[in-house]
Amino acid sequence: MKVIITENYDEMSKKAAEILIDVVKKNPNAVLGLATGSSPIGTYQNMIKDHEENGTSYKNVSSVNLDEYVGLTADHDQSYAYFMRTNLFDSIDIDQANTNLPCGAAADLQKECDRYNALLETKQQDVQVLGLGSNGHIGFNEPNTPFDSVTHIVDLTENTIKDNSRLFASIDEVPRQALSMGIKNIMQAKSIVMVVSGKNKAAAVKGMVKGEITPALPASVLQLHPCVTVICDKDAASLL
Ligand code: F6R
């Protein structure tokens with residue numbers, strides 16, 4: 001696991017974008033595994049800037065996202081589908097037909113998980129972007145999710161509901177469930193780039209990098225992956 005410590009969020013975002021842009025330049029047909037949340041927004045802004053200024057093209061790129069809230073349709077402004085369109089897809093030349101997220105509004109959620117797992121079998125991520133939950137989750141794989149898990153229905157923990165309530169009008173509006181790639185789906189990526197920022201993540205970063213490899217801290221599984229780059233700002237790295 002390579003750990004890069006940056007001065008701040010902006011430097012973290014630039015470095016992460018450089019890695020992703022490099023993957024796309026080397027392989028115009030790359031499969032990008034993408035994440036939502038506050039952590040990768042700056043990364044996506046740098047990718048958009050590079051697309052506009054240097055013309056890096058995503059025409060033949062496809063994407064698979066980590067997760068989606070249950071019960072929100074793709075046009076809901078807190079859905080991850082909406083997040084991806086407004087924070088990245090609408091501002092680059094990716095063919096949106098080649099972008100994939102689990103559908104949290106599907107009538108049969110288990111069937112939707114099965115569909116997404118079958119899709120992931122055909123789409124190995126050249127690079128998977130991850131953020132880190134303050135409880136060590138990756139995707140929505142909450143503590144004690146088995147390492148061999150695939151896309152599944154998740155009951156979000158109180159901790160995650162509280163963390164994510166900042167983006168909703170009230171905590172009551174935060175969905176209680178999500179569909180998430182499992183840890184096995186994440187670990188199949190050829191390479192992984194994690195972006196982490198802020199003091200509230202410092203304990204999780206320490207456990208992930210230096211702690212025991214245990215489902216109690218899902219991100220610790222990344223110690224077993226051959227090609228992981230963790231880019232964290234000084235605050236997130238403060239306990240290393
Ligand atoms: C988002 C995701 C989550 C977030 C994590 C950190 O698709 O899978 O694991 O990466 O909750 O969220 P932020 O970046 O908002 O602190």
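When a ligand or atom number is given, it counts from 1 through the structure's own listing order. If you read the sequence from its start, that first residue is 1, and numbering goes on from there. Computed from a prediction, not measured in an experiment: that's the story for all the values here.
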J.: Supply the atom-to-atom distance Ile92 CD1 to Lys49 NZ, rounded to the nearest 0.5 angstrom.
T.: 16.0 Å
J.: Heavy atom under 4.0 Å from ligand 1: found in Asp163's side chain, backbone, both, or neither?
T.: neither
J.: Using salt bridge (Lys or Arg N to Asp or Glu O under 4.0 Å) as the criterion, list what pairs up with Lys199, not counting sequence neighbours.
T.: Asp235
J.: Checking the N or O distance criterion of under 3.5 Å, is ligand 1 in contact with Gly139?
T.: yes
J.: Return the closest protein heavy atom for atom 6 (C) of ligand 1 as residue, atom name and distance.
T.: Leu132 O, 3.5 Å
J.: Going by the rule salt bridge (Lys or Arg N to Asp or Glu O under 4.0 Å), which residues pair with Glu7 if we only count those two or more places apart in sequence or in a different chain?
T.: Lys234
J.: Rounded at 0.5 Å granularity, tell me how far CD in Gln125 sits from CG in Asn185.
T.: 7.5 Å
J.: Using heavy-atom distances only, which candidate in Ser134, Gly37, Ser39, Gly133 approaches atom 14 (O) of ligand 1 most closely?
T.: Ser39
J.: Can a donor-acceptor pair be found between the side chains of Arg85 and Thr99 at a distance below 3.5 Å?
T.: no
J.: Report the member of Met194, Met84, Arg166, His137 with the shortest heavy-atom distance to atom 5 (C) of ligand 1.
T.: His137
J.: Tell me which protein heavy atom sits closest to atom 8 (O) of ligand 1, plus the residue, atom name and distance to 0.1 Å.
T.: Asp67 OD2, 2.6 Å
J.: Specify the protein heavy atom at minimum distance from atom 1 (C) of ligand 1: its residue, its atom name, and the distance to 0.1 Å.
T.: Thr36 OG1, 3.2 Å
J.: Give the numbers and elements of all ligand 1 atoms closer than 4.0 Å to a heavy atom of Leu66.
T.: 8 (O)
J.: Between Phe168 and Tyr69 (judged by ring centroids, cut-off 6.0 Å), do the two rings come close enough to count as a pair?
T.: yes
J.: With heavy atoms of Ser38 as the reference, note each atom of ligand 1 found under 4.0 Å away.
T.: 13 (P), 14 (O), 15 (O)
J.: Under a plain distance cut-off of 3.5 Å, with no hydrogens placed, do Thr56 and Asn54 share a side-chain donor-acceptor pair?
T.: no
J.: Judged by modelled atom types alone, do Thr6 and Asp233 share a side-chain donor-acceptor pair under 3.5 Å?
T.: no
J.: Which residue owns the protein heavy atom closest to atom 10 (O) of ligand 1, what's the atom, and how far is it?
T.: Gly131 CA, 3.3 Å
J.: Ignoring hydrogens, just give me the one of Met181, Glu142, Lys201 whose non-hydrogen atom is nearest atom 12 (O) of ligand 1.
T.: Lys201
